Number of protein chains: 2
Amino acid sequence: MTVSRALKNPAQVLPEARARVEAAVAELGYVPSHAARTLASSRSRVVGVLVPSLSNEVFVDTLAGIQDCLGPAGYQFLIGNTNYSADKQAELVSTYLTHAPDGFLVTGIDGSGAIRQRLSAARVPVVHMYDLSRTPDQWSVGFSQQRAGFTLTKYLLERGYRRPGFIAAQLDPRTMQRRAGFRRALREAGLDPDVEILTSEPSSVGLGSKLLARMLEHAPACDAVFCCNDDLALGALFECQRRGVLVPGQMAIAGFNDLPPSAWATPSLTTITTPRYQIGFEAARLLLQILDGHPPERNHIDLRFTLTPRESA
Amino acid sequence: MTVSRALKNPAQVLPEARARVEAAVAELGYVPSHAARTLASSRSRVVGVLVPSLSNEVFVDTLAGIQDCLGPAGYQFLIGNTNYSADKQAELVSTYLTHAPDGFLVTGIDGSGAIRQRLSAARVPVVHMYDLSRTPDQWSVGFSQQRAGFTLTKYLLERGYRRPGFIAAQLDPRTMQRRAGFRRALREAGLDPDVEILTSEPSSVGLGSKLLARMLEHAPACDAVFCCNDDLALGALFECQRRGVLVPGQMAIAGFNDLPPSAWATPSLTTITTPRYQIGFEAARLLLQILDGHPPERNHIDLRFTLTPRESA
DNA sequence: CTGAAAGCGCTTACAG
DNA sequence: CTGAAAGCGCTTACAG
């Protein structure tokens with residue numbers, strides 16, 4: 001016990017005893033056992049993190065935020081990539097539950113269904129990231145995807161584009177919320193909201209090129225495209241360059257997320273800047289508060305987005 | 001004990017007993033305790049993964065390969081981003097050791113020094129990824145960065161470029177090996193190897209633009225740039241477009257890694273295609289073999305690279 | 001095929 | 001401030 005205390009709470013132990021412990025630790029190369037500690041204390045200091053993708057920087061930034069908040073607090077995390085698949089989610093939740101995590105930080109877990117039940121049966125706090133549309137008994141940190149879509153579309157209309165189209169891939173719930181914002185803006189302006197190319201394929205630069213080509217074919221009058229993320233927008237820009245279509249002269253392009261290349265593309269991409277790092281950091285902070293028994297009063301934290309106008313639209 | 005057996009090795013238990021166990025599991029929502037199992041069996045089924053960065057897709061792809069190999073085998077991993085920092089490495093190794101991992105999969109851990117000693121004192125097998133230049137007692141999976149740099153430079157020379165420059169960021173050991181290949185090719189051709197812009201800043205598209213500008217200033221005669229990765233190359237391309245410098249007419253651009261955007265850029269980028277997913281998968285497979293007591297004969301696995309000529313050079 | 005015993009390395013809670 | 005006791009939930013190894 002004295003050893004245990006000397007390691008965790010040195011102040012509780014006489015300097016002499018402490019010194020002997022420290023000497024032994026150094027001599028033996030002692031490494032504490034996480035498993036034993038978890039078993040004895042029933043606190044694992046592990047949190048499970050579930051994200052739908054790592055292939056663009058969106059969730060990598062969020063992970064960095066989580067890391068920076070949870071790391072100094074002595075927490076480890078299990079990072080699971082669900083690849084937007086519900087089966088993979090269920091599988092990861094099951095294996096992670098085995099590790100007795102103190103909490104979960106997730107994106108893309110449905111509010112209902114078997115996974116949700118598993119989670120609440122385990123009595124592990126869950127913070128949802130990127131999605132504010134949660135029931136009051138759930139915790140969430142994010143911004144309004146719908147309003148972001150609306151804001152960007154409004155901007156395009158104000159710039160004088162009369163026939164904007166929407167290009168989207170993956171079609172996860174957040175993308176569909178952006179789309180809802182797009183449609184609402186067009187309807188309010190009395191314009192046709194149905195200029196859209198949607199596919200459930202995973203998003204990528206290459207796909208952006210293909211979808212732009214498809215848009216040109218199906219809606220030749222289209223004068224601006226709102227791509228549901230910057231990868232797609234960059235691909236669309238490349239495709240326009242390939243075809244000699246002037247951007248923004250003949251075709252305006254807007255993206256979403258403000259990934260690093262967007263500021264440097266020629267022309268640079270108009271986009272919505274999202275607080276990706278902050279979402280991770282604040283979600284982690286919220287979880288920490290819950291774990292410490294001091295949950296904040298409001299359980300939905302809106303971190304806002306900003307419109308970033310650049311050259312492409 | 002019968003319960004334990006029914007769960008792990010159902011065949012060892014009579015169907016009747018098994019059924020009773022299964023019923024109880026379902027009724028109680030039983031979740032096995034990883035901590036207890038680790039403590040009792042002294043096998044954690046956890047492996048520590050250390051990568052220097054997650055901000056481009058290079059290591060994300062590698063992680064996917066690791067996942068696909070280790071996941072089905074029942075292993076979990078702790079993913080640590082060292083951010084190219086030796087201190088962060090040391091810190092992560094220490095905390096991960098606490099979890100008693102069965103093995104480590106790492107990139108960027110020095111062959112010498114304190115970390116290496118910690119690791120070998122812990123008697124945990126370590127597989128090095130992306131770096132073949134290891135002593136015979138170490139395990140590694142990768143390709144020759146030096147030969148890759150040499151091959152790409154040779155290609156530029158064969159295409160008739162007479163004054164190629166080298167643009168690099170981060171300056172980690174792998175980058176410096178590519179540079180060594182570049183210099184060797186130029187020396188063998190009797191050309192000046194010193195046309196280079198190096199910076200230890202982290203690589204990004206924006207930095208590529210800045211470095212290309214710097215190259216134009218310092219070496220106006222430069223007719224081709226070998227960028228040590230595709231992010232930089234893409235930024236360089238954007239900068240050329242911004243300045244009206246024709247690619248490849250006035251300036252050829254080559255990258256490294258063949259990230260997804262490179263095939264779609266206008267013009268598309270000449271690059272070296274690297275087996276990123278395979279490196280993760282094979283490193284994991286190698287580790288599994290070691291853990292199972294069947295290490296392969298050779299401890300360095302060369303997965304090769306390929307030259308991918310496209311429009312930009 | 002089943003089960004009783006001991007122990008993995010810690011922490012909790014209590015006694016001194 | 002220090003320490004003896006008990007237990008966290010499994011597995012190993014041995015007995016029946």
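Chain naming here is simple, since letters A, B, ... match the order of the sequence lines and numbering starts at 1 in each. Hydrogens, waters and symmetry mates play no part in the numbers below; they use all other heavy atoms, side chains included. Predicted model only: the values in this text are computed from it and were never measured.
Rounding to whole angstrom units, CZ of residue B:R20 and C1' of C:dT2 are separated by 11 Å. Rounding to whole angstrom units, NE2 of residue A:H99 and P of D:dC8 are separated by 21 Å. Taking atom CG of residue A:L28 and atom P of nucleotide C:dG9, one finds them 13 Å apart after rounding to whole Å. Between the C1' atom of D:dC10 and the NE2 atom of B:H34 lies a distance of 12 Å, rounded to the nearest Å. As rounded to whole Å, 10 Å separates atom P of D:dG9 from atom OH of B:Y30. The separation between B:R43 atom CZ and D:dG9 atom C1' is 20 Å, rounded to whole Å. Counting to the nearest Å, the C1' atom of D:dG7 and the CG atom of B:L39 are 12 Å from each other.
Cation-pi geometry between A:R304 and A:F143 is not satisfied (NZ or CZ under 6.0 Å from the ring centre, within 45° of the ring normal).
For DNA chain C, runs of at least 3 consecutive pairs of the Watson-Crick or G-U wobble type, with both hydrogen-bonding distances under 3.5 angstrom, map to C:1-3 with D:14-16, C:5-12 with D:5-12, C:14-16 with D:1-3.
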Checklist entry - Yes or no on side chain to side chain contact (heavy atoms under 4.5 Å, CB included) for B:I301 and B:I279, after CA distance, side-chain angles and deciding distance? => result CA-CA 9 Å; B:I301 300 179; B:I279 288 177; over 6 Å; no
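In this structure, a donor-acceptor pair under 3.5 Å is absent between the side chains of B:S140 and B:D131. Side-chain atoms of B:T274 and B:N257 form a donor-acceptor pair, as typed in the model, at a separation below 3.5 Å. Using a 3.5 Å distance cut-off with no hydrogens or angles, the side chains of B:S94 and B:R118 do pair a donor with an acceptor.
No side-chain heavy atom of B:V127 sits under 4.5 Å from any side-chain heavy atom of B:F104. At least one side-chain heavy atom of A:V21 sits under 4.5 Å from a side-chain heavy atom of A:L7.
Within 4.0 Å (heavy atoms only), B:S42 reaches no atom of the nucleic acid at all.
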Checklist entry - What is the per-nucleotide protein-contact pattern of nucleotides 11-16 of chain D, from the 5' end, where B denotes a base atom under 4.0 Å from a protein heavy atom, S denotes such proximity for sugar-phosphate atoms only, and - denotes neither? => result BBB---
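In this structure, A:H99 and B:H34 have parallel ring planes: the angle between them is below the 30° cut-off, well short of the 60° mark.
Among the nucleotides C:dT2, C:dG9, D:dT2, the one closest to any side-chain atom of B:V13 is C:dT2.
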Please output the side-chain donor-acceptor pairs of residues 283-298 of chain B that fall under 3.5 Å, not counting sequence neighbours, one pair per line with the distance.
| from | atom 1 | to | atom 2 | distance (Å) |
| --- | --- | --- | --- | --- |
| B:R285 | NE | B:E282 | OE1 | 3.2 |
| B:R285 | NH2 | B:E282 | OE1 | 3.1 |

